[in-house]
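Below you'll find the structure, written out as C-alpha cells, and then a few comments.
Only heavy atoms go into these numbers, but all of them, side chains included; no hydrogens, no water, no symmetry mates. In this text, all values refer to a predicted model and were calculated from it rather than measured experimentally.
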Amino acid sequence: MKKEQVVNCQFSVWYPIFKKNTIKSVILPLPQNVIDYLLDDGTLVVSGSDHNAQQTNSENSDLNAEEDIQWSDDETTTTVTAPEFPEFTSTVLEAINALGGRVFPKLNWSAPRDANWIALNSSLQCHSLSDIFLLFKSSDFITHDLTQPFIQCSDQDSPDPAINYELVLRKWSELIPGGEFRCFVKENKLIAISQRDYTQYYPHVLKQEEQVCQAVQEFFTQHIQYNFLDEDFVFDVYRDSQGRVWLIDLNPFGEVTDSLLFTWEELMSGGEIAQQQEGPLFRCTTSEVTVQPSPCLSYRIPRDFVDLTTGEDAYKLIDFLKLKKSQQEDSEEEEEEEESTPQ
C-alpha cells in the first residue's frame with residue numbers, strides 16, 4: 001500500500017466521481033483551530049451556541065452559550081471556558097439543515113465508529129457541532145486520521161503528502177447492518193466480498209448469497225470498475241430491500257483496512273481466492289455459533305480491563321490479585337485496630 005493510494009481514498013477525491021451512486025454529502029474544510037482542539041488531550045468542553053441555534057427543532061440544546069462550566073472542591077474553583085468557533089459552527093449548522101437535520105460525520109477517511117458508545121443515543125447520528133465534537137474527541141479512528149494516516153504505507157522513505165483535512169457530513173440514512181458488504185478489488189478485478197457486520201448472523205445473507213454476489217458484481221462492473229484512480233482498493237456497499245446497491249465508502253487495499261472474514265495474507269497472495277474464476281469469493285457468518293463480539297468493544301474501556309476479563313495478560317491478572325489481597329489485608333488490619341481501640 002502506497003501513500004498515493006491512501007490519498008486517493010479520501011472522501012473528497014472519490015465522492016465527485018461516484019456522487020450519483022452514494023449518499024448525499026457535504027464536505028467542509030476543517031479550520032486549523034478546530035484541528036488543534038480535536039488533538040488537545042484536555043477535558044472535552046464545547047460551547048452550546050450551536051445547540052441553542054437549533055433549540056426549536058432539536059432536543060439537544062442543554063448547554064448555555066453565556067455560561068462557563070465550573071467544577072469546585074474544598075480548595076480551589078476552576079473555570080473552564082468552552083472554545084468558540086462561530087463561523088465554522090454557523091457553516092456546519094447550515095450544512096446539517098440542508099441535509100435534513102441529521103447527519104453521519106467523518107473525516108477524510110474514517111468515521112468515529114469506535115466512539116458511538118459515548119453518545120446519548122449510542123449512535124453516530126448528529127444534530128449539531130457539539131454532537132460531532134463529542135464523537136471525534138472520543139475516537140481513536142479520528143486521531144489516527146489526524147496524526148498518522150500513512151503509518152502502514154510501504155513507502156515510508158518518501159515525504160508525506162500534504163493533507164487538507166475536511167469534515168464530511170453525510171445525510172443520515174437508516175442502514176440495516178445485514179445489508180452492508182465489503183468488497184476487495186485487485187488489479188481492477190472484484191476478488192472477494194465479505195459480510196460487513198461479521199459479528200452477527202443474518203440468515204437472509206446466507207440464503208441470498210448468489211443474489212448478493214450478482215448484484216454487487218453488476219454494480220462494480222457498471223459504476224466502479226476502471227473509474228477509480230487505483231486498480232487495487234476496497235469499497236463498501238449497501239444493498240437495500242429493493243435489491244439496489246449503493247456505494248458507502250472506499251478504502252486502501254492494505255492492512256490499514258479491516259479485512260473482516262478474510263486475511264490480508266490470502267487477499268494479497270491469492271490461494272483460494274485465485275481459484276475463483278467466474279466471480280468473487282463470498283464469505284458471511286454462517287451460524288449463531290460463529291457470532292463474535294464487536295472489535296469496537298475494546299475502545300469502550302481501558303485495555304487493561306479487557307486483558308483481565310479475557311485472560312490475555314497473565315501478569316496483569318497476577319498484579320490485580322496481589323492488589324486485591326493487599327487491600328483485603330489492609331482492611332482486616334483497620335478492623336482489628338478499631339476493635340482494640342477503647343470506646
Measure the shortest side-chain to side-chain distance between Arg182 and Ile193 over non-hydrogen atoms and say whether it is less than 4.5 angstrom.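 Side chain of Arg182 against side chain of Ile193, heavy atoms only: no contact under 4.5 Å found.
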Parallel, tilted or perpendicular: which one describes the rings of [X] and [Y], with boundaries at 30° and 60°?
| X | Y | result |
| --- | --- | --- |
| Phe253 | Trp264 | perpendicular |
| His223 | Phe219 | tilted |
| Phe235 | Phe233 | tilted |
| Phe282 | Phe181 | tilted |

Asp240/Trp246 under side-chain hydrogen bond (donor to acceptor under 3.5 Å, both in side chains): CA gap, chis, key distance, verdict: CA-CA 8 Å; Asp240 63 25; Trp246 300 83; 3.1 Å; yes
So, Glu266 and Arg283, do they make that salt bridge, N to O below 4.0 Å?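 A salt bridge is present here (some side-chain N lies under 4.0 Å from a carboxylate O).
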Check ion pair Asp249-Lys106 (N to O, under 4.0 angstrom):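 Salt bridge flag = yes for Lys106 with Asp249.
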Got a sec: does the [atom1] of [X] have more than 12 other heavy atoms crowding it under 6.0 Å?
| X | atom1 | value |
| --- | --- | --- |
| Asn164 | CG | no |
| Glu166 | CD | yes |
| Gln156 | CD | yes |

Tell me which one of Glu180, Gln211, Gln208 satisfies side chain to side chain donor-acceptor pair (under 3.5 Å) with Arg239.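 Result for side chain to side chain donor-acceptor pair (under 3.5 Å) with Arg239: Gln208.
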Can you find a side-chain donor-acceptor pair between [X] and [Y] that sits under 3.5 Å?
| X | Y | value |
| --- | --- | --- |
| Ser123 | Asn116 | no |
| Asn108 | Asp145 | no |
| Gln214 | Glu210 | no |

